[in-house]
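Worth saying up front: this structure is predicted, and the values here are computed from it rather than measured.
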Amino acid sequence: MNAVTADPLQRIAELPGVGEAVEETRTVVDRLLGHRVLRRRSADVSLESALRGAHASAVLDGSRAELEEVRSGAADDPLIKGALRVSGELGQLVDVWRKAPRQVLARLHTLAAADGVGADALGRPRAAGEPAQDPLGLGEPPSPGAVAARLDGLDGLLDAHASVPALVVSAVVHGELLALRPFGWGDGLVARAAGRLTLIDRGLDPKSLVPPELGHRQRREEYAEALRGYTTGTPEGVAAWVVHCCTAVADGARDSLATCEALKRG
């Protein structure tokens, strides 16, 4: 999907099954946003969402740390450390995301990969001959030239008209970055963070209460299969990917609803 623009995004939104998945997910997210606990304790829910989302994202890229290890600070894992840094700075990047996406992606990679690669590789797209990790089993990554061409389309994608659902834009941002693996290490952390940034920026989840990463982890095999379908570029494959991403957001919203209920009970 080279140089994705608003018109193709609108066509994706109209693919079979996508509209229904978007509406179902919005219903769950709206139920979360209307929970009474958030009037007083939205920051607590957001912090728990950030922690659980960071852990799930790191596990998807290969970490074996348990959630309670992360919660206690005992997890000494480059992926966990990177995911927590990314999660901690996400709110500061929202205002820049649509204006300068390449700048934000470089920053996300610098945060994600600080303990995984050398300083000279931080925030820099991989060069020809440099390897790309493949935790989801996608096979050979696109060439650096193809990566650069498709990243150029990110500006137009993020400028998509407001009528295109945030869930669709987020899914395509996420899918493009996972398919490209632009940096070679920590690309999953970056892609999932970019997808979440898009949901925040476009108003679906303005307080970052939903950890979609958790839904992707719970459906890990489906996640990888749907992504492989997305990379084919077929309408069926793209639609299945967007539906999967919607489902993961709904899963994350339900998890945060459970957090709200636990806080309500004290």
Taking it one step at a time, do Arg85 and Asp115 satisfy salt bridge (charged side-chain N to carboxylate O under 4.0 Å, His left out)? CA-CA 11 Å; Arg85 281 191 295 266; Asp115 296 298; 2.9 Å; yes

Stepwise side chain to side chain contact (heavy atoms under 4.5 Å, CB included) test for Leu51 and Leu84: CA-CA 7 Å; Leu51 178 72; Leu84 289 172; 4.1 Å; yes

Derivation of the side chain to side chain contact (heavy atoms under 4.5 Å, CB included) call for Arg11 and Asp7: CA-CA 6 Å; Arg11 289 198 291 274; Asp7 286 345; 4.1 Å; yes

Is there a side chain to side chain contact (heavy atoms under 4.5 Å, CB included) between Glu69 and Asp76 once you walk through the steps? CA-CA 9 Å; Glu69 291 181 84; Asp76 186 20; over 6 Å; no

Ser163 and Gln10: side chain to side chain contact (heavy atoms under 4.5 Å, CB included), yes or no, with the steps? CA-CA 8 Å; Ser163 64; Gln10 188 61 56; 3.5 Å; yes

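Side-chain atoms of Thr232 come within 3.5 Å of backbone N or O of Gly229 as a donor-acceptor pair. Judged purely by atom type and a 3.5 angstrom limit, Thr25 uses its side chain to pair as donor or acceptor with the backbone of Ala21. A donor-acceptor pair under 3.5 Å links the side-chain atoms of Asp187 to the main chain of Gly184, judged by distance alone. Checking side-chain atoms of Ser49 against main-chain N and O of Val45 turns up no donor-acceptor pair under 3.5 Å. With hydrogens and angles disregarded, a donor-acceptor distance shorter than 3.5 Å links the side chain of Ser72 to the backbone of Glu68. In this structure, the side chain of Ser87 does not engage the main chain of Ala83 through any donor-acceptor pair within 3.5 Å.
No path of Ile, Leu, Val, Met, Phe, Trp and Tyr side chains, each step under 4.5 Å between heavy atoms, connects Leu189 with Leu105, placing them in separate hydrophobic clusters. Hydrophobic clustering (side-chain heavy atoms under 4.5 Å, transitive across Ile, Leu, Val, Met, Phe, Trp, Tyr) keeps Leu47 apart from Leu38. Side-chain heavy atoms closer than 4.5 Å link hydrophobic residues (I, L, V, M, F, W, Y) into clusters, and following such links, possibly through other members, connects Ile12 to Leu154. Residues Leu178 and Leu214 do not share a hydrophobic cluster, defined by chaining ILVMFWY side chains whose heavy atoms lie under 4.5 Å apart. Neither Trp185 nor Ile80 shares a network with the other; the hydrophobic side chains, linked directly or stepwise wherever heavy atoms of I, L, V, M, F, W or Y lie under 4.5 Å apart, form separate groups for each.
Distance check: Leu177 CG to His109 NE2 gives 12.0 Å after rounding to the nearest 0.5 Å. Atom-to-atom distance recorded for Leu157:CG and Glu176:CD is 7.0 Å, nearest 0.5 angstrom. Of the inter-residue distances, the one linking Leu227 atom CG with His216 atom NE2 reads 10.0 Å to the nearest 0.5 angstrom. Atom CG in Leu180 sits 10.0 Å away from atom OG in Ser143 (nearest 0.5 Å). Once rounded to the nearest 0.5 Å, the distance linking CG of Leu197 with CH2 of Trp97 reads 6.5 Å. Expressed to the nearest 0.5 Å, how far CZ of Phe183 lies from CG of Leu108 amounts to 8.0 Å.
Side chains of Pro135 and Leu60 form no contact here, defined as non-hydrogen atoms less than 4.5 Å apart. Leu32 has its side chain out of reach of Arg254: every pair of non-hydrogen atoms, C-beta onward, lies at least 4.5 Å apart. Contact annotation: the side chain of His55 never approaches that of Glu213 to less than 4.5 Å [non-hydrogen atoms, C-beta and beyond]. Side-chain contact check for Pro165 versus Arg26: some heavy-atom pair is nearer than 4.5 Å. Between Val172 and Trp241 the shortest side-chain heavy-atom distance does not fall below 4.5 Å. For the pair Leu111/Val190, no side-chain contact is recorded, criterion being any heavy-atom separation below 4.5 Å from C-beta on. Side chains of Arg40 and Leu263 form no contact here, defined as non-hydrogen atoms less than 4.5 Å apart. The side-chain heavy atoms of Val242 and Leu15, taken from C-beta on, include no pair separated by under 4.5 Å.
Residues Gln92 and Gly88 come closest through the heavy atom pair NE2-O, 4.2 Å. Here the closest non-hydrogen pair linking Asp205 and Leu209 is OD1-N, 2.9 Å. Across all non-hydrogen atoms, the minimal contact from Pro144 to Ala127 is CG-C, 3.6 Å. Of all the heavy atoms in Val96 and Gln103, the pair that sits closest is CG1-NE2, 4.0 Å. Residues Gly186 and Ala112 come closest through the heavy atom pair O-CB, 4.5 Å. Of all heavy-atom pairs spanning Thr231 and Ala179, the tightest one is CG2-CB, 3.8 Å.
Residue pairs meeting the salt bridge (Lys or Arg N to Asp or Glu O under 4.0 Å) criterion with at least one member in residues 42-66, sequence neighbours excluded: Arg41-Asp44, Glu48-Arg52, Glu48-Arg71, Arg52-Asp255, Asp61-Arg192.
Just one residue in the list Val210, Leu204, Val173 forms a side chain to side chain contact (heavy atoms under 4.5 Å, CB included) with Leu199, and that residue is Leu204. Of the listed residues (Thr198, Val29, Val249), just one forms a side chain to side chain contact (heavy atoms under 4.5 Å, CB included) with Leu167, and that residue is Val249.
A salt bridge is absent between Glu225 and Arg228; no separation between the charged side-chain nitrogens and carboxylate oxygens falls under 4.0 Å. The existence of a salt bridge linking Glu261 and Lys264 is confirmed by a sub-4.0 Å separation between a basic side-chain nitrogen and an acidic carboxylate oxygen.
In this model, a donor atom of one side chain and an acceptor atom of the other lie less than 3.5 Å apart for Ser208 and Arg196.
Between Tyr223 and His174, the gap from one ring centroid to the other is short of 6.0 Å.
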